[in-house]
Colleague: 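Pasting a structure below so you can have a look.
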Amino acid sequence: VQLQASGGGLVQSGGSLRLSCAVSRIMFSHYDIDWYRQAPGQQRELVATISSDFHTSYADSVKGRFQISRENYADMVYLQMSLLKPEDTGIYYCHTVHRGQHGWGQGTQVTVSS
C-alpha cells in the first residue's frame, strides 16, 4: 500500500486547511483510513477515522472542527480542518492496515500560529 499526504502549511489560529491523502495499490473502497498527527516531543495520536462504509469518528480534541471524508472513485481521503488552534500543530499522517501491515504516508506539516 502507498499513501501520500499533502495540503499542510502555515495558518493563523482560527484558520482552515484541507489535507489530502492519495492511496494506491489496494482495493481502496474496502479499507478504513485514518488521520494521525504527531506534535513535537509527543506521541502520534489518532485524529479521525473513516470506515469503508463511510462511518466517521474523531478525537475529542477535534470534534466539531475537523471533518474526514473519502472519494472512493478517486482513491482519496480528505481532512477538512477548521477553527485551527496552535495545539493542532504537528505532522499529519494518513494510515491504513493492509493484510495486517500498517501503512503510513510520509506526513504533511501543519503549523498553526497564535
Side-chain angles (χ1 to χ4, degrees):
V1 58
Q2 281 193 332
L3 303 101
Q4 177 98 15
S6 62
L10 174 63
V11 63
Q12 288 189 332
S13 182
S16 298
L17 279 175
R18 189 195 195 205
L19 305 184
S20 300
C21 177
V23 184
S24 59
R25 300 189 181 178
I26 59 172
M27 289 291 288
F28 176 78
S29 62
H30 294 183
Y31 290 85
D32 300 351
I33 309 292
D34 316 292
W35 283 99
Y36 281 76
R37 68 185 178 191
Q38 188 165 21
Q42 303 290 323
Q43 287 191 329
R44 198 170 292 189
E45 63 170 346
L46 178 63
V47 174
T49 298
I50 187 163
S51 70
S52 58
D53 57 357
F54 292 85
H55 286 108
T56 59
S57 62
Y58 299 91
D60 287 344
S61 59
V62 307
K63 279 181 183 175
R65 301 188 298 119
F66 289 13
Q67 183 172 21
I68 189 171
S69 60
R70 66 190 296 160
E71 290 180 341
N72 283 352
Y73 71 89
D75 294 356
M76 295 289 295
V77 175
Y78 304 98
L79 186 68
Q80 178 67 47
M81 306 185 295
S82 303
L83 300 174
L84 283 161
K85 305 175 182 180
E87 51 263 44
D88 295 317
T89 293
I91 302 174
Y92 283 69
Y93 301 89
C94 46
H95 164 268
T96 192
V97 178
H98 173 60
R99 295 182 179 178
Q101 299 295 315
H102 290 270
W104 295 94
Q106 86 287 0
T108 185
Q109 176 70 47
V110 172
T111 303
V112 184
S113 63
S114 56

Colleague: Can you measure from CD (Glu87) to CZ (Arg37) and round to the nearest 0.5 angstrom?
Modeller: 8.0 Å

Colleague: OG1 of Thr56 to CD1 of Ile50: how many Å apart, nearest 0.5 Å?
Modeller: 6.5 Å

Colleague: Write down the atom of Leu46, the atom of Asp34, and the distance for their closest heavy-atom approach.
Modeller: CD1-CB, 3.7 Å

Colleague: Between Trp35 and Val77, does a side-chain contact (heavy atoms from CB on, under 4.5 Å) hold up when you go through it step by step?
Modeller: CA-CA 9 Å; Trp35 283 99; Val77 175; 3.5 Å; yes

Colleague: Looking at every heavy atom in both Asp75 and Asn72, which two are closest together, and how far apart are they?
Modeller: OD1-O, 3.1 Å

Colleague: Measuring only between side-chain heavy atoms, which start at C-beta, is Thr96 closer than 4.5 Å to Phe28?
Modeller: no

Colleague: Could you list the residues that satisfy side chain to side chain donor-acceptor pair (under 3.5 Å) with Gln4, not counting sequence neighbours?
Modeller: none

Colleague: Applying ring-ring contact (aromatic ring centres under 6.0 Å, His included), name anything that partners Tyr36, two or more places apart in sequence or on another chain.
Modeller: His95, Trp104

Colleague: Minimum heavy-atom separation for Gly7 and Thr108, please, with both atom names.
Modeller: N-OG1, 3.9 Å

Colleague: To the closest 0.5 Å, what do you measure between CD1 (Ile91) and CD (Gln106)?
Modeller: 10.0 Å

Colleague: Flag the pair Arg65 / Asp88 as yes when at least one side-chain heavy-atom distance between them is below 4.5 Å, and no otherwise.
Modeller: yes

Colleague: Does Arg70 make a cation-pi contact with Tyr31 (under 6.0 Å, within 45 degrees of the axis)?
Modeller: no

Colleague: For residues 11-27, which residue pairs qualify under side-chain hydrogen bond (donor to acceptor under 3.5 Å, both in side chains), counting only residues two or more places apart or in two chains?
Modeller: none

Colleague: Going by the ring-ring contact (aromatic ring centres under 6.0 Å, His included) test, which pairs reach into residues 37-70, not counting sequence neighbours?
Modeller: none

Colleague: Give me each pair satisfying ring-ring contact (aromatic ring centres under 6.0 Å, His included) with a member in residues 70-94, each pair once, sequence neighbours excluded.
Modeller: none

Colleague: Rounded to the nearest 0.5 Å, what separates atom CG in Leu84 from atom CG in Leu17?
Modeller: 5.5 Å

Colleague: Could you grab the distance from atom CD of Gln80 to atom CD of Gln67, nearest 0.5 Å is fine?
Modeller: 7.5 Å

Colleague: Cluster question for you: counting only ILVMFWY and a side-chain heavy-atom cut-off of under 4.5 Å, with indirect links fine, are Met76 and Leu3 together?
Modeller: no

Colleague: Kindly indicate, with the supporting measurements, whether the criterion side chain to side chain donor-acceptor pair (under 3.5 Å) is fulfilled by Ser51 and Asp32.
Modeller: CA-CA 4 Å; Ser51 70; Asp32 300 351; 4.6 Å; no

Colleague: Using the rule given for side-chain contact (heavy atoms from CB on, under 4.5 Å), can you reason through Thr49 versus Ile68, listing the C-alpha separation, both sets of side-chain angles and the distance that settles it, and then say yes or no?
Modeller: CA-CA 7 Å; Thr49 298; Ile68 189 171; 5.5 Å; no

Colleague: Considering only residues two or more places apart or on different chains, which pairs with a residue in residues 51-114 satisfy disulfide (SG to SG under 2.5 Å)?
Modeller: Cys21-Cys94

